[in-house]
Amino acid sequence: MTLMENGQYDFNRIEQKWQGYWLANKTFKTPDSSAKPKYYVLDMFPYPSGAGLHVGHPEGYTASDIVSRYKRMRGFNVLHPMGWDAFGLPAEQYAVQTGTHPAVTTQKNIDNMRRQIQSLGFSYDWDREVNTTDIGYVKWTQWIFLKFFNSWFDETQQKARPISELPIPDGLTGIEREKYINNHRLAYESEAPVNWCPALGTVLANEEVVGGVSERGGHPVIRKPMRQWMLRITKYSERLLDGLEGLDWSESIKKLQQDWIGKSVGAEVDFRIDGRSDVIRVFTTRPDTLFGATYMVIAPEHKLVNQITTAEYKPAIEAYKQDAARKSDLDRTDLAKDKSGQFTGAFAINPVNGQKIPIWISDYVLISYGTGAIMAVPAHDERDFEFATKFKLPIIQVVQPDNTDDAELCRQGKLCFAGDGTAINSGKFTGLKTPEFKTQITAWLEKEGLGKKAINYKLRDWLFSRQRYWGEPFPILHTEDGRVIALDESELPLQLPKLEDYKPSESGEPPLAKAVEWVNITLPDGTKAKRETNTMPQWAGSCWYYLRYMDPTNPAAPVDFKKQQYWLPIDLYIGGAEHAVLHLLYSRFWHKLLFDLGYVSTQEPYQKLINQGMILGEDNQKMSKSRGNVINPDQVVRDYGADSMRLYEMFMGPLEAAKPWSMQGVEGVHRFLQRVWRMVINPETGQMLDGVKPADADETTLRLLHQTLKKVTGDIEGFAFNTAISQMMIFVNHLSRQDIRPKDVIEKFVLILSPFAPHVCEELWQRLGHTETLACEPWPAFDANLAKEKEIEMAVQVLGKIKDKITVGADATDEQIQQAALASEKVQAAMAGKQPKKIIVIKPRLVNIVV
RNA sequence: GCCGGAGUGGCGGAAUGGCAGACGCGCGGGAUUCAAAAUCCCGUCCUGGCAACAGGGUGUGGGUUCAAGUCCCACCUCCGGUACCA
């Protein structure tokens with residue numbers, strides 16, 4: 001063994017040696033079933049970018065690896081896999097520039113990132129590696145899409161069912177029937193204004209547009225009507241909301257999802273249009289303010305706009321509509337937004353009091369929410385107030401705030417009050433409190449046939465197609481006669497065609513349209529058809545990857561039913577908070593569909609979720625190439641070793657907090673590992689130190705050992721890795737000062753350090769005389785009695801100020817402690833002869849004497 | 001604007017309502033060395049004092065409590081998310 005020649009802590013050689021050992025021996029291969037209890041630890045798998053691993057990745061991966069190694073030692077059958085979310089824009093952008101097939105770039109990036117990840121010594125079962133772009137994986141992503149396509153949502157049962165079970169009304173013609181069915185599929189085509197990003201040459205989901213620009217790249221996004229595939233996620237709004245309750249996620253992430261789903265309860269009210277027979281339906285959460293509705297606003301895209309506009313206002317309305325249509329989302333949501341609008345010339349009748357109120361159009365009313373029309377109550381809605389003020393529309397106060405100052409301001413028309421209060425100017429409802437009013441008026445509207453209780457969600461259906469090359473092709477055909485048909489499951493997978501030119505077009509025609517031979521096919525019955533040329537978004541693959549890990553090569557199903565039954569749910573999921581709404585919501589949605597159809601046996605996939613915090617640059621700024629503060633993990637591993645890297649990332653601070661990098665901090669933990677090494681090995685000879693030998697530990701050492709075992713165990717369970725490491729530092733500081741280092745004390749210590757710094761611990765374990773890896777050794781148990789201090793030092797306070805310290809036996813009674821405290825000269829001086837009124841003894845901390 | 005989270009030494013951070021600053025970094029001093037690196041030892045919240053010690057101190061102002069970094073109220077700052085959702 002060449003390593004023995006050198007007594008120094010030669011981390012590079014040690015780490016390579018053990019990484020080789022683990023791979024060669026398949027140390028972390030996970031059996032599909034076992035008598036042991038299971039534990040599934042999942043990392044958010046990375047996109048294999050050309051830039052390689054970022055120091056942010058190993059943070060979550062190290063945390064999950066510590067838990068995995070710990071749980072194995074605690075006797076669990078641990079599933080801890082890794083894979084690649086490998087479809088997506090960067091590889092394709094590179095293809096556009098260089099003509100290199102994205103599969104080539106992707107493979108290269110994967111190989112590099114796998115090397116990087118393996119260089120950190122994570123205990124993944126590499127036999128379960130998955131890659132979302134593998135044809136064997138794509139097949140099942142397409143298969144799940146077909147499940148969406150071939151399912152409908154049964155509202156009464158609140159679950160998806162096969163489309164074959166859809167009740168179809170009688171008397172429909174063949175075409176009507178097909179249309180009816182298509183309107184109920186959970187995957188459907190829609191021709192609607194979408195977020196089109198000219199720079200990326202693709203449409204984006206609402207979730208991918210942030211502040212009017214694309215989330216990736218920050219390019220402008222405009223609204224443009226296009227034919228798109230949608231997934232009916234809105235059907236699952238209520239279940240996605242309910243499902244959050246039982247999950248062990250941070251409240252803040254749950255809240256983000258709740259807000260994104262955005263449930264609001266109110267009423268739909270019909271306003272008759274003056275001089276016409278039809279009505280405009282509005283949604284409001286404040287039906288109690290109906291008496292204060294002084295005008296209506298409908299979205300420019302509302303279907304009644306043309307019909308109700310009077311001849312006089314036609315040109316102005318036309319102009320406004322065109323203006324609104326041209327505006328990008330950025331313009332519409334511009335921060336310095338100024339309300340705009342146009343009167344239609346038409347009037348509506350307020351159903352509660354018969355008042356004629358003008359109907360306007362404005363782009364502050366969104367066609368995609370509620371009914372695309374509102375009743376405007378300027379006295380009690382900020383937006384309406386702003387609009388009414390600008391266009392000099394009447395403002396009628398109908399809610400009196402409880403606060404008298406606010407009430408006065410309101411009366412003067414200086415305050416727009418949106419809170420709850422008492423009704424005024426509201427006919428027979430005057431005097432009611434807001435919540436009571438809401439209930440009564442909703443019932444009244446229902447009785448009069450004017451409206452009804454309604455629930456709305458902010459969540460929209462998920463725009464699921466992209467005009468890009470590097471994604472899963474849809475298993476869909478469009479026939480010459482305009483029918484949409486799905487491939488049969490037996491025809492999967494549908495492979496991407498090879499292309500010369502990957503460039504997206506400005507017209508929005510997808511690159512796949514250029515693969516003429518691939519696109520045009522003739523069905524067995526002679527019908528000509530074209531393949532769908534859109535592809536699926538990157539989210540598709542990550543929606544179900546956690547299932548494939550359980551059964552990565554199954555050719556007959558995405559996952560074997562028994563296997564998912566054993567492994568689900570995921571016991572611990574670690575990843576960045578940036579996926580709080582996107583990936584986690586989509587993925588839960590897919591899981592629920594698979595649950596409804598009987599392919600998985602839990603309602604939710606991710607039982608516990610932890611979001612690691614961001615690692616900032618040494619300058620406390622977000623790491624970025626332009627700031628020049630990016631830390632390269634390869635370099636850290638080369639200079640200090642993987643164990644130091646792992647240990648440092650865990651020592652920086654709490655896992656969930658954002659924290660800045662410090663190379664000096666890396667050196668600090670590296671010195672700690674050096675000390676650990678020298679605690680066992682003679683650096684001169686490379687031999688085990690003479691002091692490391694079978695011996696009885698002295699009392700202090702034994703106590704500290706057990707305190708450390710206890711602290712580290714508890715801290716791993718609580719994900720407080722930073723404090724676990726400081727306890728181990730305290731232990732090493734102590735033991736390094738002892739000449740005799742009892743071997744079994746050292747061994748127990750090496751075992752508890754091993755999840756954190758596995759390479760050096762394996763090496764020490766071997767040098768301590770073991771022939772097998774320590775990965776399967778049982779976790780050392782602590783003895784609470786041995787961990788207990790014999791004597792405790794307690795502070796003595798007089799009136800809350802510390803005056804002295806006393807040392808008492810660990811099992812001293814409160815009376816004994818009180819006496820010892822009162823006996824102190826300093827305490828007596830501080831009491832100045834007064835009698836104690838009350839003596840509070842808090843073992844083992846302090847005594848407080850109140851005089 | 002709204003919704004989260006956080007403000008503690010020179011820095012990262014620690015502290016079931018119970019001795020604020022564990023552990024690490026940095027810094028100062030010493031040992032070792034021809035010298036340095038490495039290593040080891042001592043010190044290191046602030047103010048005053050040679051010292052023992054005294055006083056102050058967890059963003060700001062109030063409150064609850066024998067006792068508050070921790071709980072309550074009001075405010076300030078920073079970070080993250082979000083954006084006319086009626």
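Only heavy atoms go into these numbers, but all of them, side chains included; no hydrogens, no water, no symmetry mates. Note that the structure is a prediction, hence the values are computed from the model and not measured.
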Q: Check the side chains of A/Q674 and A/Q8 for a donor-acceptor pair under 3.5 angstrom, ignoring hydrogens and angles.
A: no
(Q) From C-beta outward on A/Y364, which listed nucleotide comes closest to its side chain: B/C19, B/G12, B/C84? (A) B/C84
Q.
Is any side-chain heavy atom of A/L753 closer than 4.5 Å to one of A/V676?
A. yes
Q: Considering non-hydrogen atoms only, spot the tightest contact between A/P844 and A/M794 and give its length.
A: O-CG, 3.5 Å
Q: Considering only atom C1', compute the distance from B/G59 to B/A36 and round it to an integer number of Å.
A: 45 Å
(Q) Would you say that more than 12 heavy atoms from the other residues, nucleotides or ligands in this model lie under 6.0 Å from the NZ of A/K453, or not? (A) no
Q | A/D259 side, atom CG; A/K254 side, atom NZ - distance, nearest 0.5 Å | A | 14.0 Å
Q. Nearest-Å distance, CZ (A/F271) to P (B/A86)?
A. 16 Å
(Q) Rounded to whole Å, how long is the line connecting atom CD of A/Q797 with atom C1' of B/U65? (A) 13 Å
(Q) Does A/K659 reach a base, just sugar-phosphate, or nothing at all? Heavy atoms under 4.0 Å. (A) sugar-phosphate
(Q) Say we look at B/G80 and B/A54: how far apart would their C1' atoms be, to the nearest angstrom? (A) 45 Å
Q.
What's A/E793 touching, base or sugar-phosphate or nothing? Going by heavy atoms closer than 4.0 Å.
A. base
Q: Measure distances between side-chain N and O atoms of A/K837 and base N and O atoms of B/C66, and say whether any donor-acceptor pair falls under 3.5 Å.
A: no
Q. Nearest to the side chain of A/F283 - B/C3, B/A86, B/C53?
A. B/A86
Q: Just do the ring-ring contact (aromatic ring centres under 6.0 Å, His included) check on A/Y640 and A/H670 with the steps written out, would you?
A: CA-CA 7 Å; A/Y640 300 98; A/H670 183 70; 5.6 Å; yes
Q: Would you please name every residue forming a side chain to side chain contact (heavy atoms under 4.5 Å, CB included) with A/A418, sequence neighbours left out?
A: none
Q) Taking all non-hydrogen atoms of both residues, which atom of A/M623 and which atom of A/L616 are closest, and how far apart? A) CE-O, 3.6 Å
Q) How far, in whole Å, is B/U33 from B/G28 if one measures between their P atoms? A) 23 Å
**Q.** Rounded distance in Å between the P positions of B/A68 and B/U60
**A.** 15 Å
Q. What are the residues of residues 842-849 of chain A, sorted by number, that bring a heavy atom to within less than 4.0 Å of RNA chain B?
A. A/I842, A/R845, A/L846, A/N848
Q. Mapping A/L799 and A/P660 to their closest nucleotides on RNA chain B, which lands nearer the 5' end?
A. A/P660
Q) Using atom C1' of each nucleotide, how far apart are B/A6 and B/G69 to the nearest Å? A) 13 Å
**Q.** Those residues of residues 369-382 of chain A lying under 4.0 Å from RNA chain B by at least one heavy atom
**A.** A/Y369, A/I374
Q) Once you round it to whole Å, what is the distance between C1' of B/G12 and OH of A/Y648? A) 7 Å
Q: Write down the distance between NE2 (A/H734) and P (B/C41), rounded to a whole number of angstrom.
A: 13 Å
Q | Separation of the C1' atoms in B/G13 and B/C25, to the nearest angstrom | A | 10 Å
Q. With respect to the phosphate group of B/C40, does any side-chain polar atom (N or O) of A/R678 fall under 4.0 Å of OP1 or OP2?
A. yes
Q. Between B/C71 and B/A38, how far is it from one C1' atom to the other, in whole Å?
A. 50 Å
Q: Please map the stems of RNA chain B, keeping only stretches of three or more Watson-Crick or G-U wobble pairs with both distances under 3.5 angstrom.
A: B:1-7 with B:76-82, B:10-12 with B:23-25, B:26-31 with B:39-44, B:45-48 with B:53-56, B:59-63 with B:71-75
Q) If each of A/K711 and A/G800 is mapped to the nucleotide of RNA chain B with the nearest heavy atom, which maps nearer the 5' terminus, i.e. the 5' end? A) A/K711
Q. Hey, does A/L256 reach any base, or is it just sugar-phosphate, or nothing, if we go heavy atoms under 4.0 Å?
A. sugar-phosphate
**Q.** Modelled atom types, side-chain donor and acceptor of A/T234 and A/D461, under 3.5 Å
**A.** yes
Q: For A/S264, answer base if it contacts any base atom (sugar-phosphate contacts may also be present), sugar-phosphate if it contacts only those atoms, and nothing otherwise; contact means non-hydrogen atoms under 4.0 Å.
A: sugar-phosphate
Q) Can A/K263 be said to sit on top of A/Y457's aromatic six-ring, NZ or CZ under 6.0 Å from centre and within 45° of the ring axis? A) no
Q. Any chance NZ of A/K710 has more than 12 other-residue heavy atoms, nucleotides or ligands included, within less than 6.0 Å?
A. no
Q. How many Å lie between CD1 on A/I631 and P on B/G12, as a whole number?
A. 16 Å
Q) What is the distance, rounded to the nearest whole Å, between atom CE of A/M623 and atom C1' of B/C79? A) 17 Å
Q. Base of B/G28 relative to its sugar, syn (within 90° of 0) or anti?
A. anti
Q.
What verdict does the side-chain hydrogen bond (donor to acceptor under 3.5 Å, both in side chains) test give for A/Q707 and A/Q727, after you've listed the backbone C-alpha separation in whole Å, the side-chain angles of each residue and the deciding distance to 0.1 Å?
A. CA-CA 9 Å; A/Q707 285 172 345; A/Q727 182 64 37; 5.2 Å; no
(Q) Taking NZ in A/K390 as the centre, count heavy atoms belonging to other residues, nucleotides or ligands within less than 6.0 Å. Is the count above 12? (A) yes
Q. Side chain of A/P654: nearest nucleotide among B/G56, B/C41, B/A14?
A. B/A14
Q.
Just by distance, no angles: are the side chains of A/Y320 and A/S340 close enough, under 3.5 Å, to form a donor-acceptor pair?
A. yes
Q. What distance, rounded to whole Å, do you find between the two P atoms, one in B/C73 and one in B/G24?
A. 38 Å
Q: Please lay out, stage by stage, how A/Y295 and A/F387 fare under the test ring-ring contact (aromatic ring centres under 6.0 Å, His included).
A: CA-CA 10 Å; A/Y295 63 101; A/F387 191 84; 5.5 Å; yes
**Q.** Heavy-atom protein contacts under 4.0 Å, nucleotides 22-32 of chain B, coded B base, S sugar-phosphate only, - none
**A.** BBSSS------
Q) Rounding to a whole Å, what distance do you find between A/E578:CD and B/G4:C1'? A) 16 Å
Q. Which class fits the ring pair A/W462 and A/Y586: parallel under 30°, tilted 30 to 60°, perpendicular over 60°?
A. parallel
Distance-only donor-acceptor pairs under 3.5 Å for side chains of residues 656-665 of chain A, two or more places apart:
{"residue": "A/K659", "atom": "NZ", "partner": "A/E59", "partner atom": "OE2", "Å": "2.6"}
{"residue": "A/K659", "atom": "NZ", "partner": "A/P654", "partner atom": "O", "Å": "2.9"}
{"residue": "A/K659", "atom": "NZ", "partner": "A/L655", "partner atom": "O", "Å": "3.1"}
{"residue": "A/K659", "atom": "NZ", "partner": "A/A657", "partner atom": "O", "Å": "2.5"}
{"residue": "A/S662", "atom": "OG", "partner": "A/Q664", "partner atom": "N", "Å": "3.4"}
{"residue": "A/S662", "atom": "OG", "partner": "A/G665", "partner atom": "N", "Å": "2.9"}

Q: Identify whether any heavy atom of A/K803 sits under 4.0 Å from a base atom; if not, whether one sits that close to sugar-phosphate; answer base, sugar-phosphate or nothing.
A: nothing
**Q.** Between P of B/G57 and CD1 of A/I802, the distance in whole Å
**A.** 14 Å
